[in-house]
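One structure is given below, encoded as structure tokens.
First the proteins, then the strands, lettered A, B, ... as listed; each starts at 1.
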Amino acid sequence: MPAITVDELTKRFGQTVALEALSFQVEDGEVFGFLGPNGAGKSTTINVLLDFVRPTSGSANVLGMDAQRQSREIRRRTGVLPEGVELYDRLTARQHLEFVIDSKDAADDPEALLERVGLADAIDRKAGGYSKGMAQRLMLAMALVGEPDLLILDEPSTGLDPNGAREMREIVREENERGATVFFSSHIMEQVETVCDRVGILRDGQMVAVDSVEGLRSSVDGGTTLQVTVDRIDDDALQAVRSLPDVTDATVESQAPPTVVVTVDGSKTAVLSVLEDRGIEIRDFETTEASLDDVFQSYTTDTETEVHAQ
Amino acid sequence: MSAETGAGTDATDTGSSPASSIDTESVRAVAKKDFQDAVRSWLFWGLSAFFFTLMAALAGFLSWANPDNLTTISFIALVSQVGKLIIPLIALLLGWKAIAGEREAGSIKILLSLPHSRKDVLLGKLLGRTAVLSLSLLIGFLIAMVAVVFAVSEFSFPAYIAFLAMTIVYGLAYMSIAVSLSSLTRSTTMAGAAMFGVFVLFYIVWNSIRTALGLLMQRGYIEGVSYTTTNFAGQQIETTRLPDWALFIDMIDPGNAYQNTVTLFSSLSSDRIGTSFNEAAFPDGLPFFLQDWFSLLILLFWIVVPLAVALYRFDRVDI
């Protein structure tokens with residue numbers, strides 16, 4: 001049974017369409033990265049999953065339950081780290097956690113939880129004096145209360161330094177090993193690539209790609225860029241390179257020395273041999289793997305790069 | 001619908017929405033958290049000190065001005081006039097950000113990502129804030145009691161406590177108005193405007209209504225009720241009062257309702273204060289809706305109705 005099923009979900013706020021017939025599934029026990037630029041509809045999706053907003057049409061199902069009608073039971077089994085939220089200034093970390101433990105009827109120890117997120121020394125300090133990173137750590141600890149079956153983390157790295165972000169990912173991994181499904185939203189690819197089993201990319205309220213990190217990498221043309229420095233180049237040779245099945249693009253980048261930039265999906269040697277067959281001398285070549293950031297960019301911005309539909 | 005029935009209700013769950021049910025444990029948890037939070041504010045301690053000072057100062061002043069026949073009930077009757085004006089301001093001040101403030105700060109998402117329904121949150125907030133107001137009244141009243149005991153000629157503890165209880169009910173009515181309006185607005189700016197609207201309505205508009213009705217009667221647009229009474233010089237005079245319905249409109253104001261209810265517990269003391277209406281004006285007896293016990297119902301109305309509207313409405317909005 002999938003942990004989350006979103007089916008044809010549409011949400012409009014007046015004239016603005018936040019989500020348009022969004023459908024995706026998060027499998028039980030996986031870490032799912034929910035990626036998209038700001039304003040793509042990530043928070044709206046999470047808000048629907050938690051029944052903060054009601055869908056215009058379509059449905060959402062969490063842990064096998066209807067997100068609207070059985071929301072209370074869903075939230076009993078879900079740990080949430082909401083985004084853009086202020087803590088209660090006058091309450092300490094201990095009091096925040098006691099409230100969550102009380103609310104979920106859990107038996108956690110506030111100290112142990114804060115130990116895990118590295119905030120144990122601030123346990124009796126009021127949250128009003130916390131830095132953004134400390135607040136984020138406390139909210140992560142609050143999400144962990146009661147060993148939830150599902151963790152919904154909305155931009156959990158906000159305000160964390162690289163070290164804090166790494167610790168947070170470590171906790172995500174631990175929770176996943178315990179058996180929790182993790183739904184992790186972010187607008188930064190590199191934060192999800194190391195922990196997520198699968199990544200869904202949201203753009204303008206629609207899922208434009210759902211795949212494993214590897215799958216996404218190879219789904220984008222420009223998976224590998226080959227840069228070949230040659231002694232000379234002509235249109236004929238360029239056409240021959242372009243006609244190769246694995247090549248999606250080939251351009252001449254500079255003339256002194258002539259450099260051909262080839263976007264290739266499969267064999268790089270085929271490109272080199274086509275050039276050599278035409279008597280062109282290859283002086284140097286270099287391959288660049290597309291970074292995941294490029295992958296993300298290609299899905300979320302209007303560039304010439306074409307995307308293979310999944 | 002309680003926590004225990006949450007699991008495995010898929011089969012029985014037909015149409016009704018357990019997500020919008022009320023769970024007493026949740027209400028308690030939210031109220032406790034809200035109380036913990038608010039009780040640490042300067043506002044709470046300021047209020048406690050304020051109530052104490054107010055009560056003690058009034059007791060001191062009244063005993064100085066009226067040293068011989070200041071009874072508990074006459075003290076209460078005077079303090080209730082001050083309370084009538086001050087309690088609403090304090091309740092609005094304590095309650096206006098209850099929900100709108102959390103929505104603005106986003107922390108409402110902390111509350112609602114836990115297994116609490118929106119109704120739980122609303123009720124918990126109302127109870128938490130009312131507890132804060134009640135505790136500050138309790139502290140203020142009890143400390144000031146020392147001064148009151150010395151000031152009045154015959155102290156009645158039951159009447160004093162009943163007065164405190166009634167003041168808490170009055171505070172609850174205004175807190176219900178404040179928290180309910182706070183839940184109907186998206187921002188604290190709107191909530192603040194709504195509180196100001198309530199203030200204008202009950203402090204200015206409602207008082208003007210009675211004056212306006214009186215004027216309309218004088219001009220002959222409303223038919224008044226004539227009756228004979230004895231004036232202070234012992235002469236029989238013919239006079240006119242507003243019709244029953246017009247007097248009822250005046251009674252709907254929570255403040256007037258609160259003042260009328262104060263007479264209810266005059267039986268707790270050896271002393272009595274008159275009811276709000278001159279008996280001679282009602283030769284056929286006071287209609288039930290103008291009697292003092294009905295004012296208690298009016299106060300309950302002001303607790304229940306805003307809350308009912310808010311419970312209905314807050315369940316249906318996007319956060």
Check: In terms of side-chain heavy atoms, does B:S113 have a donor or acceptor partner in A:R75 at a distance below 3.5 Å?
Finding: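 No, A:R75 and B:S113 have no side-chain donor paired with an acceptor closer than 3.5 Å.
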
Margin query: If the threshold is 4.0 Å, N to carboxylate O, is there a salt bridge linking B:R28 and A:D102?
Written below: yes

Notebook entry, point to check: Checking side-chain contact (heavy atoms from CB on, under 4.5 Å) against B:K109, which of A:V80, A:N47, A:L50 comes through?
Noted result: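 Single pass found, and it is A:N47.
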
Checklist line | Side-chain (A:R90) to main-chain (B:D37) donor-acceptor, under 3.5 angstrom | finding: yes

Item checked: N/O donor-acceptor pair under 3.5 Å between B:D318 side chain and A:R54 backbone -> yes

Rounded to the nearest 0.5 Å, how far does [atom2] of [Y] lie from [atom1] of [X]?
X	Y	atom1	atom2	answer
B:S26	A:R76	OG	CZ	7.0 Å
B:E102	A:Y88	CD	OH	3.0 Å
A:R72	B:D120	CZ	CG	4.5 Å
B:L112	A:S71	CG	OG	8.5 Å
B:L114	A:I101	CG	CD1	11.0 Å
B:E104	A:E86	CD	CD	9.0 Å

Quick check: are there more than 12 heavy atoms from other residues, nucleotides or ligands sitting under 6.0 Å from [atom1] of [X]?
X	atom1	value
B:Y312	OH	no
A:E147	CD	no
A:R173	CZ	yes
B:K97	NZ	no

Check: Highest number of heavy-atom pairs under 4.5 Å with chain B: which of A:L91, A:V100, A:T78, A:L81?
Finding: A:L91

Note to self: Is there a side-chain contact (heavy atoms from CB on, under 4.5 Å) between B:I110 and A:V85? Walk through the geometry before answering.
What the structure shows: CA-CA 8 Å; B:I110 295 178; A:V85 162; 3.6 Å; yes

Next item on the list: Applying side-chain contact (heavy atoms from CB on, under 4.5 Å), run through A:F99 and B:L111 and close with a yes or a no.
Entry: CA-CA 9 Å; A:F99 170 56; B:L111 291 179; 3.4 Å; yes

Notebook entry, point to check: Run the side-chain contact (heavy atoms from CB on, under 4.5 Å) check on A:K104 and B:H116 step by step: do they pass?
Noted result: CA-CA 9 Å; A:K104 287 192 145 177; B:H116 305 308; over 6 Å; no

Next item on the list: Answer yes or no: is there a side-chain heavy-atom contact under 4.5 Å between B:V317 and A:F52?
Entry: no

Item checked: Any side-chain heavy-atom pair of A:E98 and B:K32 under 4.5 Å ->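 The answer is no; the side chains never approach within 4.5 Å.
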
Next item on the list: Taking all non-hydrogen atoms of both residues into account, name the closest pair between A:S103 and B:A29 and its distance.
Entry: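 Looking at all heavy atoms of both residues, the shortest contact is OG-CB, 4.0 Å.
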
